[in-house]
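Predicted model, so just to flag it, every value in this text is computed and none were measured.
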Amino acid sequence: YPWGCVNIEDESHSDFSLLRHLLLCQHTQHLIDLTSTTHYENYRCDKLTRLAGGDHGAEVTNKNPLAALEDESTDHFHKVCKMEKMMEDTFNKKLEEKNKAMEVLKLEHKEYIDKENNILDLERGKMLSRREEFYKEKKEWETRSFGSTFKCSKSMESLGVKKKGLFSLGSINFGRL
């Protein structure tokens, strides 16, 4: 302070040390007993009357606190059972929805696979018909080319040229003479 220093421990300046000694040393047990018997019992009585009257606390009945606790426990058990039933119903409903969705997906997948199999069967049929056409053309070509080769060899024989491995380049002849 501007006018000086105050020491609360000094008995000439303050009664704090005397008050502290009085409360803590002489009346400690009295404060503990008072708190335990009066304040705690008042608090407990108030809580039990509220509990017996319900959560709303509107009307206090002369009901036994143990009976009130039993009633509250029973109500809580019924609420929990009701919530469990609601949760199970919700679970079953979601499970049904998921199963229906799975069935729809299975059907769509089956239709897709059937469609793809049909496309493959059509392509297989086209490939088989193209193969048959190819073999027909091959056979026709072989018969035509075999016949022309046969005619070619006959025409060379008729000219009197024999195959002996001879060929020439201008005036140079290779082979047997």
Side-chain donor/acceptor of Thr35 to backbone N/O of Leu31, under 3.5 Å: yes

Atom pair NE2 (His109) and CE (Met102), whose distance is rounded to the nearest 0.5 Å: 11.0 Å

Donor-acceptor under 3.5 Å (Asn42 side chain, Thr38 main chain): yes

Validation row: His21, Leu18 side chains within 4.5 angstrom (heavy atoms): no

Heavy-atom donor-acceptor pair, Ser14 side chain to Glu11 backbone, under 3.5 Å: no

Atom pair CZ (Arg44) and CG (Asp46), whose distance is rounded to the nearest 0.5 Å: 12.0 Å

Flag side-chain contact, heavy atom, 4.5 Å: Glu132 against Tyr135: no

Distance-only donor-acceptor check, side chains Asp33 and Gln29, under 3.5 Å: yes

Euclidean distance, Leu122 CG relative to Arg124 CZ, rounded to 0.5 Å: 10.0 Å

Point-to-point distance, once rounded to the nearest 0.5 Å, from CD of Glu133 to NZ of Lys136: 7.5 Å

Neighbour count >12 (heavy atoms, 6.0 Å) for atom NE2, His39: yes

Between CG on residue Asp114 and CG on residue Asp121, distance to nearest 0.5 Å: 10.5 Å

Check ion pair Asp89-Lys85 (N to O, under 4.0 angstrom): yes

Spacing of Lys93 atom NZ and Glu88 atom CD [to the nearest 0.5 Å]: 15.0 Å

Salt bridge flag under 4.0 Å for residues Lys79 and Asp75: no

Arg20 vs Glu9 side-chain heavy atoms within contact, under 4.5 Å: yes

Over 12 non-hydrogen atoms of neighbours within 6.0 angstrom of CD in Glu116: yes

